[in-house]
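In what follows, a structure is listed as structure tokens, so that the remarks can point back to it.
Every value quoted in this text rests on a predicted model; they were computed, and no experiment measured them. Sequence lines set the chain letters: A, B, ... in the order given, protein chains first and strands last, and positions in each chain run from 1.
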Number of protein chains: 2
Amino acid sequence: MHNELVSHIKKFIPLDSSEVAILESRLSISTIKRKDHVLQEGQICNTMYFVVKGCMRQYIINPKGTEQTLQFGVENWWITDYLSYHNQTPSHFYIQAVETTEVIALEKSVLESLLDEIPKLEKYFRIVAQKAFGAAQMRIKFLFTMSAEERYHHFNNQQPDFVQRVPQYMLASYLDFSAEFMSKIRAGKV
Amino acid sequence: MHNELVSHIKKFIPLDSSEVAILESRLSISTIKRKDHVLQEGQICNTMYFVVKGCMRQYIINPKGTEQTLQFGVENWWITDYLSYHNQTPSHFYIQAVETTEVIALEKSVLESLLDEIPKLEKYFRIVAQKAFGAAQMRIKFLFTMSAEERYHHFNNQQPDFVQRVPQYMLASYLDFSAEFMSKIRAGKV
DNA sequence: TCAAAAACTTGAACTACTTCAAGAAATACA
DNA sequence: TGTATTTCTTGAAGTAGTTCAAGTTTTTGA
């Protein structure tokens, strides 16, 4: 029995047993407690996080001092700041555990040596990044074309269980409206 | 002297002369006339476009019938619908030349055989996709935290020449406000 | 188990933007 | 070069959302 990341990789590329062995030897699960951060604004991001169980989020603090969630990462998602990671520049984001979460933290140096040893992994990370970019484009489309109420109902239809899982105010900011307005949408007062 | 895409790839990974030769034999430049489309909503996207010279854009038509630009692609950018491309599902987007544009159109079947022959290219496309995703995250951050006027001035500071290059109404929709409002911002009437 | 902290609700006042309509200016290309 | 087309401007009226403040409910963890 091997770890969840290996299973995820195998959905995209075949791995032989020696490659699995290399991966297993380098990857370990760590637990991030609810509300703990793995990245703070201003830090350089040197790690990619694969969510095994639980939920992480990437957020900012806006000029009014309110948190706004840009991205959630649940089971089988990667979360990181790719811009800070690639350019070695200070991050604009916080990355935090929404609930106590198990992740595989993959440091840049470890990832780079894995990519050298198992070049096939490049394909895996390419596909993951291209799909994530595609999802980001759809997200922008929804933000552009739907009203706040439509965005709420749409999300609620697509991910009914997830809505139960995170605080309302985090989801409101992810959908780009205020927590108060979300409360009114749910009460049917709009 | 070889093509612009080969030069771009060499910024990220080394290529030997036989690899360059393979690439050159498979890649050719085509010209897309101003306002012509390379992808329409509902079509399956089977091609990635690398912009050699000119400007492409990805847009949608919103429920009110207005075009909204999600993405511009200028020199050395890739533009495609990765979600349609990977899942072979109908695209939600239009991709069009803003000005007459030279592109390298890379079809899925050609790209896949290139990736088999030159596996190093996986790294190039991985890095390109990760950077594009990072840029999309920053874009969402700006949309979330800045007022319309701030978004305009910020963009204008970052890309002063680009603002001259595209019709105002396209840029307005990209920045997520109306063309009329942009006109007022520019006139200082807000 | 229970006190403290976090999350949610409500209504009233406000505002950053949109929409509409019509005319003026700029640009493309026959 | 001239004219059709595209793009930009302006003001007035409207609205989808925000903000604030205070109270209520739910959840957390010692």
Around Lys120(A), counting heavy atoms of other residues, nucleotides and ligands shown, do more than 12 lie under 6.0 Å from its NZ? yes

More than 12 heavy atoms of other groups within 6.0 Å of Gln168(A) CD: yes

For atom [atom1] of [X] and atom [atom2] of [N], their distance in whole Å:
X: Phe144(B); N: dA16(C); atom1: CZ; atom2: P; result: 20 Å
X: Ile185(B); N: dT9(D); atom1: CD1; atom2: C1'; result: 14 Å
X: Asp176(B); N: dT18(C); atom1: CG; atom2: C1'; result: 11 Å
X: Arg165(A); N: dT27(D); atom1: CZ; atom2: C1'; result: 17 Å
X: Glu99(B); N: dT7(D); atom1: CD; atom2: C1'; result: 16 Å
X: Leu175(A); N: dG17(D); atom1: CG; atom2: P; result: 12 Å

Parallel, tilted or perpendicular: which fits the ring planes of [X] and [Y], with parallel below 30° and perpendicular above 60°?
X: Tyr82(B); Y: His86(B); value: parallel
X: Phe162(A); Y: Phe72(A); value: perpendicular
X: Tyr174(A); Y: Phe155(A); value: perpendicular
X: Tyr124(A); Y: His8(A); value: perpendicular

Using the rule that Ile, Leu, Val, Met, Phe, Trp and Tyr join whenever any side-chain heavy atoms are under 4.5 Å apart, tell me whether Trp78(A) and Ile104(A) fall into a single cluster. yes

Note: contacts of residues 57-75 of chain A with DNA chain C (heavy atom, under 4.0 Å) are none

What nitrogen or oxygen pairs link the protein and nucleotides 7-12 of chain C at under 3.5 Å?
residue	atom	partner	partner atom	Å
dA7(C)	OP2	Tyr169(A)	OH	2.9
dC8(C)	OP1	Gln168(A)	N	2.9
dC8(C)	OP2	Gln168(A)	N	2.9
dC8(C)	OP2	Tyr169(A)	N	3.1
dT9(C)	OP2	Gln168(A)	OE1	3.1
dT9(C)	OP2	Ser183(A)	OG	2.7
dT9(C)	O5'	Ser183(A)	OG	3.0
dT10(C)	OP1	Lys189(A)	NZ	3.4
dT10(C)	OP2	Lys189(A)	NZ	3.2
dT10(C)	O5'	Lys189(A)	NZ	2.9
dG11(C)	N7	Lys184(A)	NZ	3.1
dG11(C)	O6	Lys184(A)	NZ	3.4
dA12(C)	N6	Lys184(A)	NZ	3.3

Glu41(A) with Lys141(B): basic N within carboxylate O range, under 4.0 Å: no

